Amino acid sequence: MIKHIVMWNVRGDTPEQRLSAAHTVKRAFESLNGRVPGLGKIEVGIDISRISYACDVVLYSEFRDLESLRAYGDHPEHMRARDEVGDLRITRHQVDYFPGS
């Protein structure tokens, strides 16, 4: 198994706009559940801390293996979700790792 974690900050001039954008990202990526081969688990959370250095949205996912994660990058459903959120995401951080490594 490989774990894939992505964190984003989203666009918005007001807290309400940023929260709306965060919900759009959450819905788009949660829609991938059961649609991508090798994707075992996906969870998307919206930050509640509101501290200045926190990201707005986090995606936690588990893939069967590295090959599945790589295939996910180009999978049509993943591309659809990425297109759906478009330029709502303004920064992105990612970590992929094998548990126990």
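Treat the numbers as computed from the prediction; the structure is a model and nothing was measured. Scope of the values below: all heavy atoms of this structure, side chains included, with no hydrogens, waters or symmetry mates.
- The shortest heavy-atom contact between Ile2 and Asp65 is CG2-O, 3.6 Å.
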**Report entry** Working for side chain to side chain contact (heavy atoms under 4.5 Å, CB included), residues Val85 and Trp8
**Finding:** CA-CA 11 Å; Val85 300; Trp8 298 280; over 6 Å; no
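- Heavy atoms only, all atoms of each residue included: Ala54 and Asn9 are closest at O-OD1, 3.5 Å.
- Across Val10 and Arg18, no two heavy atoms sit closer than the pair CG2-O, 3.4 Å.
- Residue Leu32 holds its CG atom at 7.0 Å from CG of Leu39, rounded to the nearest 0.5 Å.
- For Ile48, the CD1 atom sits in a loose shell: 12 or fewer heavy atoms of surrounding residues, nucleotides or ligands are nearer than 6.0 Å.
- Shown here is Arg70, whose CZ atom has no more than 12 heavy atoms of other residues, nucleotides or ligands within 6.0 Å.
- Note: the hydrophobic cluster containing Val95 also contains Met7 (ILVMFWY, side chain heavy atoms under 4.5 Å, direct or indirect links).
- Residues Asp47 and Val58 fail the side-chain proximity criterion, which asks for heavy atoms closer than 4.5 Å.
- Using a 4.5 Å cut-off on side-chain heavy atoms (C-beta onward), Glu30 and Asn33 make no contact.
- Between Ala28 and Arg80, the shortest heavy-atom contact is O-NH2, 4.3 Å.
- Rounded to the nearest 0.5 angstrom, Ile90 CD1 and Asp56 CG are separated by 7.0 Å.
- Criterion: ILVMFWY side-chain heavy atoms under 4.5 Å apart, direct or through other members. Under it, Val44 and Tyr72 are part of a common hydrophobic cluster.
- Using a 30° and 60° split on the angle between ring planes, His4 and Phe63 fall in the perpendicular class, above 60°.
- Closest approach of Arg89 and Val25 over heavy atoms only: CG-CG2, 4.3 Å.
- Residues Pro37 and His75 have side chains in contact (heavy-atom distance under 4.5 Å, counting atoms from C-beta outward).
- Under a 3.5 Å cut-off, the side chain of Arg11 and the backbone N or O of Ala21 do not form any donor-acceptor pair.
- A side-chain donor-acceptor contact under 3.5 Å links His78 to the backbone of Gly73.
- Rounded to the nearest 0.5 angstrom, Leu19 CG and Arg50 CZ are separated by 6.0 Å.
- Minimum heavy-atom separation, Leu66 to Phe98: CB-CZ, 4.4 Å.
- Environment of CD in Glu67: sparse, with no more than 12 heavy atoms of neighbouring residues, nucleotides or ligands closer than 6.0 Å.
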